Structure formats: structure tokens, C-alpha cells
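The structure under discussion appears below in the form of C-alpha cells.
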Amino acid sequence: MKIVVCIKQVPDTTEVKINPETNTLVREGVESIINPFDMYAIEEGLRIKERLNGEVVALCMGPPQAEAALKEALSLGCDGAVLLTDRSFAGADTLATAYTLSRGIKSIKDVDLIICGKQAIDGDTAQVGPGIAEMLDLPCITYVGKVEEIDDKHIKAYRMMEGGYNVIEASVPCLITVVKEINEPRLPSLRGKMNAMKAQITKWSAADIACEVDRIGQMGSPTWVRKIFAPPKREKGMIFKGEPPDTVGGLLSALKDKGVL
Amino acid sequence: MGIIIDQNKCSGCGLCVKSCPFDVIQIKSRKDENKLHPRYKNIAVILEGCTLCGACVEACPVDAITVTREKKEPAATIKDYKGIWVFAEQQDSVVQEVALELLGKARDLAGKLSAEVTAVLLGDKVAKEADRLIHHGADRVILVEDPVLKDFLDEPYADVLCHLVGEYKPEIILMGATTIGRAFASRVAARIHTGLTADCTDLDIDPQSKILLQTRPAFGGNIMATIHTEHHRPQMSTVRHKVFKPLEEDKSRKGDVVKVAYPGKIVSRSRIIDIIKDKTQQVNLTDADIIVSGGRGLGKPENFELIREFAEVLGAAVGASRAAVDANWISYSHQVGQTGRTVAPKIYFAIGISGAIQHQVGMRSSDVIIAVNKDPHAPIFDIANYGIVGDLFQVVPELIKQLKK
Amino acid sequence: MINYGFTEQQIMIRDLARQIAQEKVVPVRAELDEKGEFPREIVKLLADSDLFRVFIPEEYGGLGGGALDLCIVTEELSKACAGVAVSYAASALGTLPLALFGSDEQKKKYMPDIASGKKLAAFGLTEPNAGSDAGGIETTARKDGSEYVLNGNKIFITNGGEAEIYTVIAMTNRGKGARGASAFIVDKGTKGFDFGKEENKMGIRASATRELIFDECRIPADNLIGREGMGFIVAMRTFDNSRPGIGAQAVGIAQGALDEAVRYATQRVQFGQPVSSFQAIRHMIADMATKIEAARTLVYYAARLVDSGAKNMSKFSAMAKLFSSDMAMEVTTNAVQIFGGYGYMREYPAEKYMRDAKITQIYEGTNQVQRDVIGLEVIKESKRNSR
């Protein structure tokens, strides 16, 4: 089974802060990491490969620095790594990103299963996975919490809904996006890290994967960020300290006064 | 690339470098860059990897940075697209609350556009729900019924909606940012090749251009972005639960129900074998008006009973921090935060949750946050509207007692 | 970050050990400590990450590192939990007699499984009447045809019961005293080899400490390490190699305690300001950090001497162990002090570091014995030089 895992390198958004004076993002010293949901995607790819044999290729679109994310994927046990990198990819929204990744997957050829993280933590859109499925004309199961069965003909998986699960069967090849519940990602091994250090990462430009020029990057992106601003600040809260009957009484009467309860 | 630094204005101050979420701006010597200036020695340079997000434009104190788009002539067909559509998501043949919320907002937007509001209802034997949609603000309901459409599957749903879009040409399509809405909208947008903005928390119409302005949090809620789709139609958004209010049900409202037959057979390469309801939750997290979440402070799984009891008194849903889920005290479906669900109820109780940033990301847009923690320095108190410093095992029973009174 | 002259591979080892320690060990350490539970799952993680390979030669499935690599891992694990660290390091200790004196056949047979982490090793020297005085060993090994027959008890054996491979010192000729001792390999499951009670310890509670009981236990003569009568030399050389590792444990424990104390001191507010802004606390922190760094330097230096193959490094190994362990006791005690009343409570991590630190002054030769070793060596050198 040939599996492609799509990963994204993202700034660790939990470290990003807003400068209260200038109202701008403070990015200084913020590390780049593999999008956390993509770690579950990598792990699921590796587990399926270990069951069924085959190979796992990690695919990433990004600037040359994103090579670090692919090296990490290799150190975890991915067999190959492809970086789609080209200045003309810049400014891509989810549609252009899905298109570019789908071209990359076409060029990898004969892919049976594509696994993406549920969403990236910098954008939180959850749109790229289903977008890729559409562009490759594949069935898609999003928010998968468990892959119960998979072979080269079909897959049976649990899609996490707001109030439970849908158990879905789909034909293979197909695309799934995964949530945290699906597994616990492994740690890298020293030998894996050493191999990754030596490994060559395949780099493809827009021309290498035969992209239509007006479908990538900013040109291929229908959406446009018009304005960025800081979210409204929270007021300083009312904190009660003391013995529970008093603190609870204080809280409840404050809530009543403000019409919250 | 569409980002330009005006070399006559840039003072090399470096504020843009700090603001760049992707770390792709550097301050370089003007001499090396061959861009000399009588006063400034340094200049900002954009490196590879820029996504044109615009954060630096806001940061620049001298307005030296501009992000421009290639000007495309709006396609002549754009003005053919009219009306606002709301996808009437149904589960078990019952229209979901978020669809009614969207109808309310759609009416507001329709006023600004002098347009009609249409609800699109797909399912099997769901016609009975059409009136409810009209009573909540739809002028028209487009109804497609087929056994294959009984429960959501992305391919057949996308086939049908894309066909309808081709026939009726709506200007705007709104869906709930639900599991279904996110998958469905993505697929449709990719097929008809238009812009889609995820998880919006505000919608408006630009008074001049009449374009839909879609506002959403990004970078884990650290910033808000307003996004639009200028040259493609329909303009599509998925919208977060609970941010808009449904209109009062008005049973006197009238509207048309248009039954549409899909030309040809609806097919799917996937099928639903089983639907499993989460029995641990009376109210689901995303729909709840009140959420009571427990964290590491509970100490052990049995103590979640206290949270459940408190939630029951309030008619609230039960949430949990990642620490509690990772310790296997409660299932993942309850996790609120970066790698769990994002929620925004009217009231959010954080009980024994220190409030790591990963948790805050998932709940900080709640209307009112109430924290109970024994550590007065817990970061949760930084974002809480109300807080009690104390032992949760004394405070929560007391809350239950006083609330029952 | 300061890299202490580490190679690229050593930096990789450090980063991975740190990741495991912080992500996987820290969340469970309090529970492991409370229950006194052997960390099997963590040991499996260490194995899967190849960390047991770092001290094994490449030809036997290792990564070819030495004492310094071992110290790097041990220090990182000790920062999180010394009980986990010692379970790891004890496998290296049990392997050392084999690595230093074993035959190629013995290495081929045992080392690959230790490298993969499939099997743990343990070293058995201490007895009820032979602790610091290794010459007082009472366990015997009697030659009987192509076999040795072992009788006697070993106590306080780290990884006892959990390890599959034991290197054990026993007397083959009691009349010769220390020169009558020999070293053997004993597999778990050998008839006549059993385990006694599990000790309930003050610190390093996650590690397993048990008695080894030999009752007419027959092992193949091939399991003799080196030659008969070399047992004492095997033990001493083993300790020369392993003592920097104890130093690394102590450095890790102290660093972990300091990190927690500093974090606490910057958050804890008294008289309207964080306690870290008071000079009394700040100077404590400065002294703690300086002493840790001094100990770390000595540990790395001793480990590098070991890896260079230098002879007569006993003194340096002993110094690294002595200085670091005394330092760790002092630093962890002060960490508790910085935490104040909270530091005394089980709910906070400070007191565990203090309990864990104590053992480093005791095992692999008490600090009194280390002083003897060092003092003797210094006096000998002086005599040599004055000749």
C-alpha cells in the first residue's frame, strides 16, 4: 500500500503573542513545528504500513526551511519525503494549497491512501484535506478517530461527529483526515534521526509537478485577507478569595447582578 | 510576489520582523542590498515563504509595506449570481440549530443586499422540516430528497449542491462550521472553484462593493482576520456555532418550497454503516450554552462525577482539559482546546484547569469564563471574567448546594 | 544553547533523551514514585528510541558511544526522574564487565539484546556483609566439570528481577581473599537462581531493587568473564567506568531541582513581588547553578578520560562521583528551601529530588570510600613525584 501523508510546518501558535502596545503579532523566538494533527497522520500512516507493507511518503508544501519538518517525518520512519517549494506558491489559500498538493500526489503516482491532519493550528480551516480529495476525485472521510479495517479495496473508519460517530465504509484509493484520538504518535529513534540526517529530500517546483500557473499561490487563491486585527481584550476579572460559602455566594450574586445566570 | 517594501520609506526599524508569523522578514544593510538612503542604514527584506498574510503591513509604523493583488477584471458573470443560501444541515432528518442561526444572519445580510434568502435542504423524507426553515427566515426552500442523501456523505451531497449552484447561481452560501459543514463546503468550493472561509465569527457586507466580509480568528485566536472573495462566486463561509441568534419562530411567515430532482442517479463511493451516539453526553459541546470543564485538579477519574453532577444542575455539557483526557479520565470527545474542540458557550466553567495556552485557544471566545482553581497564579485567571480561588472539592459542592436553593 | 563540545550525534542523543524525559517521564514520575512501580513502559520507549544502543559497540548492534554518551542520557533522564534514570544506567553497569573483559562469543551472545533494549542487564556485587568492602564477598562459585555452581545472596541489586542478564561477582577461591573473586554471567530463569524481597526505598522508588539468591545454581563454565581470580579487577574497572554516570545522575537531579525551584521562585509572590527578586533567593540560585556547572564539567571530563582509554582514571571517576553527589544533596536541599513549606509537601516535586539525591552519595561506593580512593591516589602520586 502506498500512503502519502500531507504535513505542514507551522509556527507554534501557543507561543505567538500580541504586543499590547502595537497590536501586532510577536513572532520572535517562536519555533516551527510539524502541525500537531499531522503527527497523528504520520503515525497512522506508519501503523497501516506496518500492518499491510508498503511505503509512506511525507509531502509538504512550503519554503525551503520546511525541509526540517520532512526530516522529522523521516526520522519517525517515513520512507520518502517530498517538498513542494517554489516562490510562485506563496500566498496560497486553502484552494490553491489543495490544488498544489494534489499535483504533488499525482506526481508521486499510484497512491492508495492519503492521510491529512484534521486541520492546521495556524489556520484552523480543515479545508485542505477534503479539497485535495475533490481535486483527485477520491472519496473522503474527515475527522477519523479510528481506522477499523483497511485493505487495497476498501476502508472502514469512524468519523467523529458533534454527538458521536459515523461508521463509514469507502472504496480505496481515498483520503482521510485524522483527529488526536486515533493514536499516540511514536517518538523518533536515534537510528531514524541519523538516517534522516543523511537522507535526500525530493524537491519539486511548480513546473516539476505541471501546475497551471493561475491555480497556484496568490493567483490561484480566490480568498484574500483584507485586514488583520487583534481580538478584543478581556476585562480584568472579578476574583473571589476566602471560605467557600462566601466565595460561592459572592460569585452567584455577581452573576445574577450582571444577568449572566 | 505581491508584497512590496517602499525603499524610500523603510527605516529598518525591525517591527515587521517581530510581527511576521512565518519569520520571513530580515533586516539587511542597505549597502548590501544596493538601496542607499540618506538617513537609514538598514532595510527590511522579504524572504521566501511569505504567505502575504499582511501582519507586517499593520505593524509598519511608516506604511512602507504594501501587499497588492494582481488586478483581475471581475468576470462578467459575477453579477449573474444573486441571493443568499443557507445549507440546512440535518441529522436524523432534523434541521440543526446552527442552520437556524445562519438563517437569522442571512436575513440581516439579505437586507443589505436586497436579496432573497434560500435554505437548501438535502435528505430523505425531510420535507416536513421545510416550514420550520421558512418560519425562521427563509424566503424559499430548495428541497432535494433521495435515499442516498439520508445522512451526509461528501460526494453525493457535493454532486447535488454543485448542480444546484450551476442552476440557480447564488451569490453567497453559508454553512455551519460543523464536521459536516467543513467537509461539505471544502469539497463544493474546490469543485466550483471559489473562495471559502472557515469558521467565521462575524459576517457583514461591504457597503460599497457589496462583497461579503468574513471575519475569523487565526493563529489560535491570537489575531482576527477579515477575508473576502472578490472575483469568484458564490462566496462561501462556514460559520461557528452560537455566534448568531436564530430569529423568533414566526409561523405566519410564508415562502416557497421548490422540489428539485437531481438529473441522473446519485452515486457514492462511501456509505454509512452505523451511527453511534455519544451516550456520555446529554448536551453536545458545540451546541451547549453552558459548559463545565474539569482538568488535572480533579486528581482522579472518579472525581469527574462531581463535574457531571454540577453540569446536570446547570443543564450544561461536560468538557475536559487535555491533561484529563491524556490521563484517560474521560474520552477525547470531551476535550476542549487546540487538539480537541473549539467551543464558545455563553458560560464556560473551568474547574481545576490551570489554563495552559493550548486550552485557552479552544475556549477563550466564550462569553463569560468562570474559573475555580486553588492556585491564584493559574493562567486561567488571566482570562476569567470571574474566579474563585479555592479547593474545588469544597467550592463545587457549595456551588451545587447554593444553585439548588 | 551550550553544547559542551558534544558531537552532532551526542547532541541528537541529548535532544531525544530530553524529549522522552520531559514528554513521557515527567507526567508519570509522581505516580511511579508513589507506587514504587518499575517503569516498564518508559523502558520500552527508551529501547524503541535506540537509547540502549548508545553505550554498545557498533559490531554488537550499538551506536559505538561510550561513557560520555551514557552520561548524557542519564543526566537528561535524571532531570525528570532519577528512578527511571538508574533503571536505564544499571543496564549499562551490568553490561560493563562484559564490554571490558568479555570474550567475543560472550559479547555476540548478550550485547545485541541489551543494545535493542529487549533485555536489561544488572550488576551483582553487594552482599549483606560486603558493601564498600568488596573483599568480604561470601557468595561462592565452585567448579564442577564444565559448570560452575553458585551459592549465596546478593542484596540491593538494581534491576533485580527485571533484568534478564546478570553479571555477578563470586569467590572461586576464598583463601585468596580479593584475588579469589571471579565474574560470571547468569541468565534469569537459570535453575537455582531466584529473587528475594523487593526493597521499599527512600528515593529512586521507580527503580527495582531486589535480592539475588543462588542456591546450587549451575551455569556453563563459558559464562566466566575473563579468567578466574579477575573478579575484583573486573569490579573495580567497572566502577572506574561507571562512576561518572553516577555523577551524571547527580548533576541531572540537581539541575531538575534547580529548574523547578527557579520556576517556582519567579511565580511565587510574597510582599508583593516574586520571591526570585529577593537577593537571598537570587544568591542561592546563583550558588546552586554554579556548583551544578562545576560538577557537570568534572563529570564530562572524567567521562571523556574513560572514553580516551586513559589508564589510572580511578581518581577522576571517584572525584566526579564524589563532588557531584555531595553537590546534588546540597542543591536539592536548597531547592526544597526555596519552595518553603510547599517544598516539604509530596504534591510538589522538590522533595522527591532531595530523596533521590541521597542515594548518589551512597551507591557504587560510598563517598567515604571515594575519598579513600582519591586520597590514596594523591598520596601515591606525591611519593612518586618526590622520588
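Naming: A, B, ... by sequence-line order, numbering from 1 per chain. Just so it is clear, the structure is predicted and the values come from calculations on it, not from any experiment.
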query = So do B/His193 and A/Leu95 actually touch side chain to side chain, heavy atoms under 4.5 Å?
reply = yes
query = Looking at OG1 of B/Thr179 and CG of A/Asn166, how far apart are the two atoms once the value is rounded to the nearest 0.5 Å?
reply = 8.5 Å
query = Passes salt bridge (charged side-chain N to carboxylate O under 4.0 Å, His left out), A/Asp137 versus B/Arg269? Steps please.
reply = CA-CA 11 Å; A/Asp137 189 23; B/Arg269 285 172 290 183; 2.9 Å; yes
request  = Return the set of residues passing salt bridge (Lys or Arg N to Asp or Glu O under 4.0 Å) with A/Glu148 (not counting sequence neighbours), or none when no residue passes.
outcome  = A/Lys146, A/Lys156
message = Just so I understand: if I count every heavy-atom pair under 4.5 Å between each of A/Gly131, A/Ala92, A/Gly237, A/Gly145 and chain B, which residue has the most?
response = A/Gly237
inquiry  = With a sphere of 6.0 Å drawn around CD of A/Glu149, does it hold more than 12 non-hydrogen atoms of other residues, nucleotides or ligands?
reply    = yes
message = Does A/Ile239 form a side-chain contact (heavy atoms from CB on, under 4.5 Å) with B/Tyr386? I'd like the steps, not just the answer.
response = CA-CA 6 Å; A/Ile239 308 294; B/Tyr386 302 95; over 6 Å; no
remark   = Of all heavy-atom pairs linking A/Thr94 and B/Leu196, the shortest is OG1-O, 4.4 Å
inquiry  = Which atoms of B/Gln91 are under 4.5 Å from chain A, going by heavy atoms: the side chain, the backbone, both sets, or neither?
reply    = side chain
remark   = Pair count under 4.5 Å, heavy atoms only, with chain A: among B/Ile388, B/Val395, B/Asp278, highest is B/Ile388
ask   = Is it true that B/Asp206 and A/Arg226 make a salt bridge, defined as a side-chain N closer than 4.0 Å to a carboxylate O?
value = yes
remark   = Of the listed A/Gly62, A/Ser88, A/Ala120, A/Ala133, the one with the largest count of heavy-atom pairs under 4.5 Å with chain B is A/Ala133
request  = Side chain from CB out, backbone as N, CA, C, O: work out which of these in B/Val188 comes under 4.5 Å of a heavy atom of chain A, or both, or neither.
outcome  = neither
request  = Over all heavy atoms of both residues, which pair between B/Leu47 and A/Arg87 is shortest? Give the atoms and the distance, please.
outcome  = C-NH2, 4.4 Å
request  = Using non-hydrogen atoms and a 4.5 Å limit, figure out which bit of A/Thr177 sits close to chain B: side chain, backbone, both or neither.
outcome  = neither
note = Between B/Ser186 and A/Pro130, the two heavy atoms sitting closest are CB-CB, 3.5 Å
task = Check each atom of A/Tyr158 against the heavy atoms of chain B and say whether the ones under 4.5 Å are side chain, backbone, both or neither.
result = side chain
message = How about CZ on B/Arg322, more than 12 heavy atoms from neighbouring residues, nucleotides or ligands closer than 6.0 Å, or not?
response = no
query = Is it true that a side-chain atom of B/Arg216 and a backbone atom of A/Gly123 form a donor plus acceptor pair closer than 3.5 Å?
reply = yes
ask   = At a heavy-atom separation under 4.5 Å, does B/Val325 approach chain A through its side chain, its backbone, both, or neither?
value = side chain
task = Would you name the heavy atoms of B/Asp154 and A/Cys140 that are closest together and state the gap between them?
result = OD2-CB, 3.1 Å
message = If you count heavy-atom pairs within less than 4.5 Å of chain A, which of B/His241, B/Met224, B/Met236, B/Arg364 leads?
response = B/Met224
key: side-chain contact (heavy atoms from CB on, under 4.5 Å) assessment of B/Asn385 paired with A/Lys258   = CA-CA 11 Å; B/Asn385 303 73; A/Lys258 292 265 170 188; over 6 Å; no
Portion of B/Phe184 that has a non-hydrogen atom of chain A nearer than 4.5 angstrom = neither
message = Could you go through B/Thr215 and A/Phe229, starting from their C-alpha distance and side-chain angles, then the distance that decides it, and tell me whether this counts as side-chain contact (heavy atoms from CB on, under 4.5 Å)?
response = CA-CA 10 Å; B/Thr215 298; A/Phe229 56 100; 3.8 Å; yes
ask   = B/Glu398 and A/Pro244: which non-hydrogen atoms are nearest, and at how many Å?
value = CG-O, 3.7 Å
request  = Kindly compute the distance separating CD (A/Glu134) from SG (B/Cys162), expressed to the nearest 0.5 Å.
outcome  = 6.5 Å
ask   = Tell me, side chain or backbone of B/Ala183 under 4.5 Å from chain A's heavy atoms, or both, or neither?
value = both
query = Taking A/Lys241, A/Gln9, A/Glu184, A/Arg159 one by one, which has the highest count of heavy-atom pairs under 4.5 Å against chain B?
reply = A/Arg159
message = Regarding A/Asp124 and B/Arg182, does a basic nitrogen lie under 4.0 Å from an acidic carboxylate oxygen?
response = no
message = Counting heavy-atom pairs closer than 4.5 Å to chain B, which one of A/Lys227, A/Met135, A/Lys180, A/Arg215 comes out on top?
response = A/Lys180
Per-pair distances, 0.1 Å, donor-acceptor, side chain in residues 35-44 of chain A, under 3.5 Å, sequence neighbours excluded:
residue: A/Asn35; atom: OD1; partner: A/Ile121; partner atom: N; Å: 3.0
residue: A/Asn35; atom: ND2; partner: A/Asp38; partner atom: OD1; Å: 3.0
residue: A/Asn35; atom: ND2; partner: A/Asp38; partner atom: OD2; Å: 3.4
residue: A/Asn35; atom: ND2; partner: A/Gln119; partner atom: O; Å: 2.9
residue: A/Asp38; atom: OD1; partner: A/Gly117; partner atom: N; Å: 3.3
residue: A/Asp38; atom: OD2; partner: A/Lys8; partner atom: N; Å: 2.8
residue: A/Glu43; atom: OE1; partner: A/Arg186; partner atom: N; Å: 2.8
residue: A/Glu43; atom: OE1; partner: A/Arg186; partner atom: NE; Å: 2.9
residue: A/Glu43; atom: OE2; partner: A/Arg47; partner atom: NE; Å: 2.7
residue: A/Glu43; atom: OE2; partner: A/Arg47; partner atom: NH2; Å: 3.4
residue: A/Glu43; atom: OE2; partner: A/Arg186; partner atom: NE; Å: 3.3
residue: A/Glu43; atom: OE2; partner: A/Arg186; partner atom: NH2; Å: 3.1
residue: A/Glu44; atom: OE1; partner: A/Asn183; partner atom: ND2; Å: 2.9

Toward chain A, the part of B/Thr339 with a non-hydrogen atom under 4.5 Å = both
note = If one checks every heavy atom of A/Ala98 against chain B at 4.5 Å, the contacting part turns out to be neither
key: Proximity breakdown for B/Gln338 and chain A, heavy-atom pairs closer than 4.5 Å   = both
request  = Give a yes or no answer on whether the side chain of A/Glu162 reaches the backbone of B/Asp287 with a donor-acceptor pair at less than 3.5 Å.
outcome  = no
key: Atom pair OG/NE2 of A/Ser221 and B/His231 - distance to nearest 0.5 Å   = 12.0 Å
task = Select one option (side chain, backbone, both, neither) describing which atoms of B/Gln235 are under 4.5 Å from chain A's heavy atoms.
result = neither
task = With rounding to the nearest 0.5 Å, note down the distance linking OG1 in A/Thr247 to CD in B/Gln394.
result = 9.0 Å
Option in A/Pro64, A/Ser171, A/Pro139, A/Gly129 with maximal non-hydrogen atom pairs under 4.5 Å from chain B = A/Pro139
note = One should read off an interatomic distance between B/Leu399 CG and A/Leu251 CG, to the nearest 0.5 angstrom, of 6.5 Å
remark   = If one checks every heavy atom of A/Leu252 against chain B at 4.5 Å, the contacting part turns out to be side chain
query = Looking at A/Pro245, A/Cys174, A/Gly250, which one has more heavy-atom pairs under 4.5 Å with chain B than the rest?
reply = A/Pro245
request  = Mind running side-chain contact (heavy atoms from CB on, under 4.5 Å) on A/Val167 and B/Ile272 for me, showing each step along the way?
outcome  = CA-CA 6 Å; A/Val167 187; B/Ile272 294 183; over 6 Å; no
ask   = Counting heavy-atom pairs under 4.5 Å to chain A, which of B/Asp199, B/Leu403, B/Ile180 comes out on top?
value = B/Leu403
request  = Could you pull out the closest heavy-atom pair between B/Gln402 and A/Gly249, with the gap in Å?
outcome  = OE1-CA, 3.4 Å
request  = Look up atom NZ in A/Lys236 and atom CZ in B/Phe381, then write down how far apart they are to the nearest 0.5 Å.
outcome  = 10.0 Å
task = Let me know if B/Ile275 has heavy atoms under 4.5 Å from chain A in its side chain, its backbone, both or neither.
result = both
